[in-house]
Number of protein chains: 2
Amino acid sequence: MNKEEKTLQHRNINPTAMRLLVLQYLSEQKKAISLKDLEEGLFLADKSTLFRTLKTFEEKKLIHSIDDGTGAVKYALCYENCNCAPEDIHYHFHCTKCDNTFCLDSVRAPSIELPRGFELKQANLVIKGICAYCNP
Amino acid sequence: MNKEEKTLQHRNINPTAMRLLVLQYLSEQKKAISLKDLEEGLFLADKSTLFRTLKTFEEKKLIHSIDDGTGAVKYALCYENCNCAPEDIHYHFHCTKCDNTFCLDSVRAPSIELPRGFELKQANLVIKGICAYCNP
DNA sequence: GTTCTTGCAAAATATTTGCAAGACG
DNA sequence: CGTCTTGCAAATATTTTGCAAGAAC
């Protein structure tokens with residue numbers, strides 16, 4: 001059993017050929033990808049299959065979704081022991097020049113003091129601007 | 001000239017009847033609204049007119065958009081002197097129970113230390129969980 | 001008349017589902 | 001066989017544009 005298969009099994013996902021392909025594709029990315037990106041990257045696979053694969057991965061917390069305001073939801077791999085819980089929250093950076101969206105792992109997301117009665121479960125934190133690769 | 005007209009003029013927006021209606025509707029809301037919400041709230045008006053009104057308002061920084069991950073972009077009024085600049089960034093709270101999204105004006109958004117080369121211009125910060133009104 | 005705004009229709013884009021065929025045990 | 005997965009087609013939802021008529025000055 002290879003590394004990817006183990007990853008899927010660890011998340012209770014049946015490791016089919018298609019899912020391994022999608023996982024491999026996701027692993028190769030430095031940026032978050034949309035369903036369309038995935039479709040273009042694995043052009044042999046069907047859109048709805050890919051859609052359902054992403055949903056399965058998300059549900060099992062292998063990937064997380066990011067709504068960066070570009071009109072298409074993007075996805076990125078979670079870290080090994082991520083549970084998509086408050087302590088796993090991190091920022092994302094959407095570069096308005098290259099239009100890529102990255103997970104900012106190195107930036108600590110501050111603990112957020114919410115008004116009384118509000119309970120944080122999840123977050124979608126997107127910073128927009130110019131990324132290091134586009135900045136002159 | 002009434003208050004709403006002044007608000008529009010202050011933002012360099014031609015105060016037409018339709019725009020005054022939309023502004024009034026937005027002012028009455030405690031939550032961010034989608035294009036669809038607006039359509040249903042002002043059911044006499046055409047969708048594309050409302051769409052363009054929102055775009056105009058956003059461009060002129062009278063309102064800001066929030067992508068809360070529900071699949072539809074929402075909009076909320078900016079504060080009087082908001083320029084949608086980094087210092088105007090604030091959190092939004094999306095309640096997964098009542099499905100409403102609010103601006104969290106009272107919570108200070110922390111200054112974010114980005115890696116070298118990254119330049120913040122904007123942000124879309126959405127916290128998800130249960131809001132104070134839904135919490136038992 | 002000229003410019004800005006609006007309404008209607010339709011295009012473009014993104015997301016989601018139904019169903020039947022296939023894979024796998 | 002029974003369950004899970006995949007592919008195709010199509011539905012749904014959302015956003016966006018073209019164009020002509022109307023309003024404002």
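Letters A, B, ... are given to chains in the order of the sequence lines, protein chains preceding strands, and every chain is numbered from 1. The figures that follow rest on heavy atoms only: side chains count, while hydrogens, waters and symmetry mates do not.
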Practice item. Would you kindly confirm whether A/Val126 and A/Ile89 end up in one hydrophobic cluster when ILVMFWY residues are joined by side chain heavy atoms under 4.5 Å apart? Key: no
**Study point:** A/Asn124: which of B/Asn124, B/Ile66, B/Asp68 passes side chain to side chain contact (heavy atoms under 4.5 Å, CB included)
**Key:** B/Asn124
Roughly how many Å is it from [atom1] in [X] to [atom2] in [N], rounded to a whole number?
{"X": "A/Leu38", "N": "C/dT15", "atom1": "CG", "atom2": "C1'", "result": "14 Å"}
{"X": "A/Glu39", "N": "C/dT16", "atom1": "CD", "atom2": "C1'", "result": "13 Å"}
{"X": "B/Leu44", "N": "C/dC8", "atom1": "CG", "atom2": "P", "result": "11 Å"}
{"X": "B/Lys55", "N": "C/dT5", "atom1": "NZ", "atom2": "P", "result": "17 Å"}
{"X": "B/Phe51", "N": "C/dG7", "atom1": "CZ", "atom2": "P", "result": "15 Å"}

Exercise for review: Quick one: list whatever passes salt bridge (Lys or Arg N to Asp or Glu O under 4.0 Å) with A/Asp67, sequence neighbours left out.
Suggested key: none
Practice item. Sequence neighbours left out, what passes salt bridge (Lys or Arg N to Asp or Glu O under 4.0 Å) with A/Glu39? Give chain and number order. Key: none
For nucleotides 18-25 of chain D, print each protein N/O atom paired with a nucleotide N/O atom at under 3.5 Å, atom names and distance only.
| from | atom 1 | to | atom 2 | distance (Å) |
| --- | --- | --- | --- | --- |
| D/dG18 | O6 | B/Arg52 | NH2 | 3.2 |

Taking atom [atom1] of [X] and atom [atom2] of [Y], what is their separation to the nearest 0.5 Å?
{"X": "B/Ile112", "Y": "A/Tyr91", "atom1": "CD1", "atom2": "OH", "value": "3.5 Å"}
{"X": "B/His10", "Y": "B/Leu62", "atom1": "NE2", "atom2": "CG", "value": "10.5 Å"}
{"X": "A/Ile127", "Y": "A/His94", "atom1": "CD1", "atom2": "NE2", "value": "12.5 Å"}
{"X": "A/Phe57", "Y": "A/Leu26", "atom1": "CZ", "atom2": "CG", "value": "7.0 Å"}

Review point. Going by atom types alone, do B/Tyr133 and B/Asn100 pair a side-chain donor with an acceptor below 3.5 Å?
Key: no
Check your understanding: Does a side-chain heavy-atom distance below 4.5 Å link B/Lys55 with B/Glu58?
Key -> yes
Flag, side chain of [X] to backbone of [Y], donor-acceptor distance under 3.5 Å:
{"X": "B/Asn135", "Y": "B/Ala132", "answer": "no"}
{"X": "A/Thr96", "Y": "A/Gly129", "answer": "yes"}
{"X": "A/Arg11", "Y": "A/Lys61", "answer": "yes"}

Review point. With a non-hydrogen cut-off below 4.0 angstrom, is B/Thr16 in contact with a base, only sugar-phosphate, or nothing?
Key: sugar-phosphate
Point to revise | Any residue of residues 56-69 of chain B with a heavy atom less than 4.0 Å from an atom of DNA chain D | key: none
Review point. Looking at DNA chain D, which of residues 18-35 of chain A put a heavy atom within less than 4.0 Å of it?
Key: A/Met18, A/Arg19
Could I get a table of every N or O pair under 3.5 Å where one atom is in the protein and the other is in nucleotides 11-14 of chain C?
| from | atom 1 | to | atom 2 | distance (Å) |
| --- | --- | --- | --- | --- |
| C/dA14 | O3' | A/Gly71 | O | 3.3 |

Point to revise | Nearest to side-chain heavy atoms of A/Asp46, which nucleotide of C/dG7, D/dG7, D/dT17 | key: D/dG7
